[in-house]
Engineer: 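I have a structure I would like to understand better, so I am pasting it below and will then ask my questions one at a time.
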Amino acid sequence: MKVLVTVKRVIDPYVKVRVKPDGSGVETANVKMTMNPFCEIAMEQAVRMKEAGVVTEIVAVSIGAQQCQETLRTAMAMGADRGILVETDVEVQPLAVAKVMKAIAAKESPRLVIMGKQAIDDDSNQSGQMLAALLGWPQAAFISKLEVSGDSAEVTREIDGGLEKLTIRLPAVVTTDLRLNEPRYVTLPNIMKAKKKPLEVVKPDALGVDVTPRLTTLKMQEPAKRGAGVKVADVKELVAKLRNEAKVI
Amino acid sequence: MSTYSAPLKDMRFAIEELAGLSEVAALPGHGEVNAELVEAVLGEAGKFAQEVLDPLNREGDRQGARLSDGAVTAPKGFKEAYRQFVEAGWNGLGGEPEYGGQGLPHLIATPVQEIWKSANMALCLAPMLTSGVLEALRAHASPEQLKTYAGKLTSGVWTGTMNLTEPQAGSDLSAVRTRAVREGGHYRIQGTKIFITWGEHDLSENIIHLVLARTPDAPEGVKGISLFIVPKFLPKPDGTPGERNDVKCVSIEHKLGIRGSPTCVLAYGDRKGAIGHLVGEENRGLEYMFTMMNHARLAVGVEGVAAGERAYQHALEYARTRVQGREIGQRGGDRVTIIHHPDVRRMLMSMRAQTEAMRALAYFAAATLDKARRHPDPAEKRRNQSLLDLLTPVVKGWCTEQGVEVASTGIQVHGGMGFIEETGATQYLRDARITTIYEGTTGIQANDLVGRKVALEKGATANAMIGAMRALEPTLASAGETYLRDGLKESVDGLEAATHWIVRTHAGDPRAVAGVAVPYLKLFGTVAGGWMMARAALIAHEKRKQPDADRDFLDAKLATARFFAEHELPKALPLAREVTRGADSVLALAPEKF
Ligand SMILES: Cc1cc2nc3c(=O)[nH]c(=O)nc-3n(C[C@H](O)[C@H](O)[C@H](O)COP(=O)(O)OP(=O)(O)OC[C@H]3O[C@@H](n4cnc5c(N)ncnc54)[C@H](O)[C@@H]3O)c2cc1C
């Protein structure tokens, strides 16, 4: 079966993020970028399924600026067979991602779409769910286990109260949680091979999708700096402060 | 404790702009090389180093390697990390495609080496030595030998070692005494080698020793030494490791740094003699070793760059968090982090400027090596070979001496905490300290530089380089970089005068020249580093004009280049004076008067 995996280009988690001076967003120009860690987990899952003989083709999709090609090359070095870049310079919001993916799913007819549960830049946690709704497919978000058998998949979801096990019909959309797997390191021979794999570039227009943002960011600002601490004389004072000032007990 | 993060922007700048990626990519056999590949390879190498190698560095230093019953156990985690390293194919980066390598140029392999050495120098000496062995075999071994060894050494399933040193033979290898006696199709090796890095360990399934030894009827001195392959386990006909050879690790050293790597005394031929296979012809061993010398010496030079970078990152993190004192010239202001103090900033700038200059020079030499190997035009090939021969002792000697200095400054930035082991800054200095010693001490590099590389050819290549430096002066002036222009000009004048003095004096008084060879080497490195920084500044000026330029990076590069011009280049003049006027006092006291 064929799977689609989405891979988003985000600021490297080791980089200290800075807000732009005009408050319009965070500084991304000339900052080290990398594949969203949850998308890496999605890629790893697809590769393991291919190694296990369950998956025959992995198509990685990225939506964004031209530089997302690098993210797709990384996906191909991890094991994707080919890549599709939906190129746009506007900020892509969850609904736009879902629409684009719907159009691609219509073209590619995958049995499964694996997405990260969220991207570590805007932490929206919406695209997968929206895509499933638009496609009318079953969905399982935050999965930590996935087993495909025939026309369905057994998944374990990480939910507030614990773990939820579901059986979902395919085709379906799943989104990955941290514990699903530990992504592998890309190997050097695979970096070299990835250069030769096909990478298709399309514009949202060509897919008939309007990706114009519908939400406006009014202002972005750094969280307030933490103030200095105080020393308390004894436990009694501590408890009083926790109760009356912090109001946590 | 800081986390290592590969300085990808500066590396790419040095590769693409200063060393000349496009020229290397245009060489035959490097069709796949381009900026995207560099980015992908360095990015993934940086990630592997940061997440796998760097976290083991400190514990490796604390535990050290252990010997029991002739078997050496690497520090905890090293074996697993090495397995991952091999599995990810990193060992084969520069290897020949014929043997499963990726065939990437030195201009990519060198920055990747820097990344490994910054993250975990002790562990990454193993793959460096393996690639040294491969280099020697590639040039001189028979097709059958290559068939047996090259594939496994390229993948890293087997590791390699260099066995040159003996108790009486260090800098002077003509004193090697290990014996090799012919026995049918092979030789029996007997003798003791000391200081053999990764000479015995549990990282790989086999260890291939390259051993210098003498046959019974060999002439005395350098022309009587042969080179042998001595595997720890003799390969069976199917290529897998078979019988244990007669070579044993009898002790490992307690040492100042690189403690995670075992430094072994190896006893050959306790029983019947270890089985060894001759490489090439008898009595040409040292000559063969010299063919891989440029490669090995550049690799050690890069360890200086790596040490500087790691120490800088560590010091920078501390300087950003340690609060002490108030901003100078302000009364009653808030207490500030020490990075606000001008002298701490000076130290950080000097660490940064020196490291960037070293990096630029080392990568420039790597590109020169690629061109010397593969340039289709014989004249260009020769020109690059001479330039490489000249640059090699400079990169080895200067970058390692600077690396030690930068790592020492790193400790100073920390104040008292820098002196405490737990802080981690000491390890970078202790590890760096070996780099000026092995693979030929700074003194030996300097002798090579003044003798074979400068005096012998009457300064021809050195003067050509000086010419290229002078050619920058007008452009620097028109870019408004007068300090850089003046700094470079003064120091180049000094280098030129010192070079003339070396050429003039060498024929009649080689002892005088040898007495000031190290100051000449440092002078050469300082001026060549300044040349690189001046080129970097000019490129930064140009690139700043582009609309999508990374201004933060380019402005920092300009600031660093100017700092180098004002704080490092002025050291050239006293060094030049030391060379041209200092020889007599070096030898004024006779040995018995000390
Ligand atoms: C940790 C470690 C790892 C090592 N790994 C290896 C290895 O894997 N394989 C291997 O074969 N060797 C290895 N070595 C050995 C190393 O290469 C030698 O120690 C080095 O070449 C210096 O030789 P030496 O120790 O005999 O010093 P010496 O040659 O005795 O030198 C002592 C001093 O005299 C100076 N000197 C000597 N001769 C001259 C001269 N002609 N002109 C000017 N000055 C001179 C030197 O610069 C030095 O300051 C290692 C050493 C160490 C400490």
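In what follows, every chain begins at residue 1, and chains take the letters A, B, ... in the order their sequences are listed.
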Engineer: Can you tell me which portion of Glu44(B) sits under 4.5 Å from chain A's heavy atoms? Options are side chain, backbone, both or neither.
Structural biologist: side chain

Engineer: Assess whether a salt bridge exists between Lys16(A) and Glu317(B), defined as any Lys/Arg side-chain N lying under 4.0 Å from an Asp/Glu carboxylate O.
Structural biologist: no

Engineer: Within a strict 4.5 Å, meaning less than it, do heavy atoms of the Asn34(B) and Lys195(A) side chains meet?
Structural biologist: yes

Engineer: Please determine whether the number of non-hydrogen atoms from other residues, nucleotides or ligands lying under 6.0 Å from atom NZ of Lys50(A) exceeds 12.
Structural biologist: yes

Engineer: Between Thr34(A) and chain B, with a heavy-atom cut-off of 4.5 Å, which part of the residue counts as in contact: side chain, backbone, both or neither?
Structural biologist: neither

Engineer: Checking side-chain polar atoms at under 3.5 Å, does Tyr185(A) have a donor or acceptor matched by the opposite partner on Glu51(B)?
Structural biologist: yes

Engineer: Counting only heavy atoms not in Gln546(B), do more than 12 fall under 6.0 Å of its CD?
Structural biologist: yes

Engineer: Just do the salt bridge (charged side-chain N to carboxylate O under 4.0 Å, His left out) check on Glu40(A) and Lys47(B) with the steps written out, would you?
Structural biologist: CA-CA 14 Å; Glu40(A) 265 191 307; Lys47(B) 183 173 172 189; 2.7 Å; yes

Engineer: How about Asp22(A): does its CG atom have over 12 heavy atoms from other parts shown lying under 6.0 Å from it?
Structural biologist: yes

Engineer: Given the rule in the side-chain contact (heavy atoms from CB on, under 4.5 Å) test, do Asn30(A) and Asp552(B) qualify, once you have shown the distances and angles that lead to the verdict?
Structural biologist: CA-CA 9 Å; Asn30(A) 300 307; Asp552(B) 281 353; over 6 Å; no

Engineer: Quick one: CG on Leu188(A) to CG on Asn91(B), what's the gap to the nearest 0.5 Å?
Structural biologist: 10.5 Å

Engineer: Within a reach of under 6.0 Å around NZ of Lys20(A), are more than 12 heavy atoms found that belong to other residues, nucleotides or ligands?
Structural biologist: yes

Engineer: Starting at OG1 of Thr187(A), measure out to CZ of Phe48(B) and round the result to the nearest 0.5 Å.
Structural biologist: 11.5 Å

Engineer: Tell me, with the steps shown, if Glu36(B) and Glu70(A) meet side-chain contact (heavy atoms from CB on, under 4.5 Å).
Structural biologist: CA-CA 8 Å; Glu36(B) 288 76 56; Glu70(A) 289 160 20; 5.7 Å; no

Engineer: What's the verdict on side-chain contact (heavy atoms from CB on, under 4.5 Å) for Leu37(B) and Met192(A), showing C-alpha distance, side-chain angles and the deciding distance?
Structural biologist: CA-CA 8 Å; Leu37(B) 180 72; Met192(A) 306 293 289; 3.7 Å; yes

Engineer: Answer with side chain, backbone, both or neither: which region of Ala45(B) has an atom nearer than 4.5 Å to a non-hydrogen atom of chain A?
Structural biologist: neither

Engineer: Compare every heavy atom of Pro189(A) with every heavy atom of Gly89(B), then report the nearest pair and how far apart it is.
Structural biologist: CA-CD, 4.0 Å

Engineer: Is the number of heavy atoms from other residues, nucleotides or ligands under 6.0 Å of Arg18(A) CZ greater than 12?
Structural biologist: no

Engineer: Please indicate whether Arg345(B) has more than 12 foreign heavy atoms, meaning atoms of other residues, nucleotides or ligands, lying under 6.0 Å from its CZ.
Structural biologist: no

Engineer: With respect to chain A, which residue among Glu39(B), Gln50(B), Arg551(B), Gln84(B) yields the maximal number of heavy-atom pairs within a distance under 4.5 Å?
Structural biologist: Gln50(B)

Engineer: Check whether more than 12 heavy atoms from other residues, nucleotides or ligands sit under 6.0 Å from atom CD of Glu147(A), and answer yes or no.
Structural biologist: no

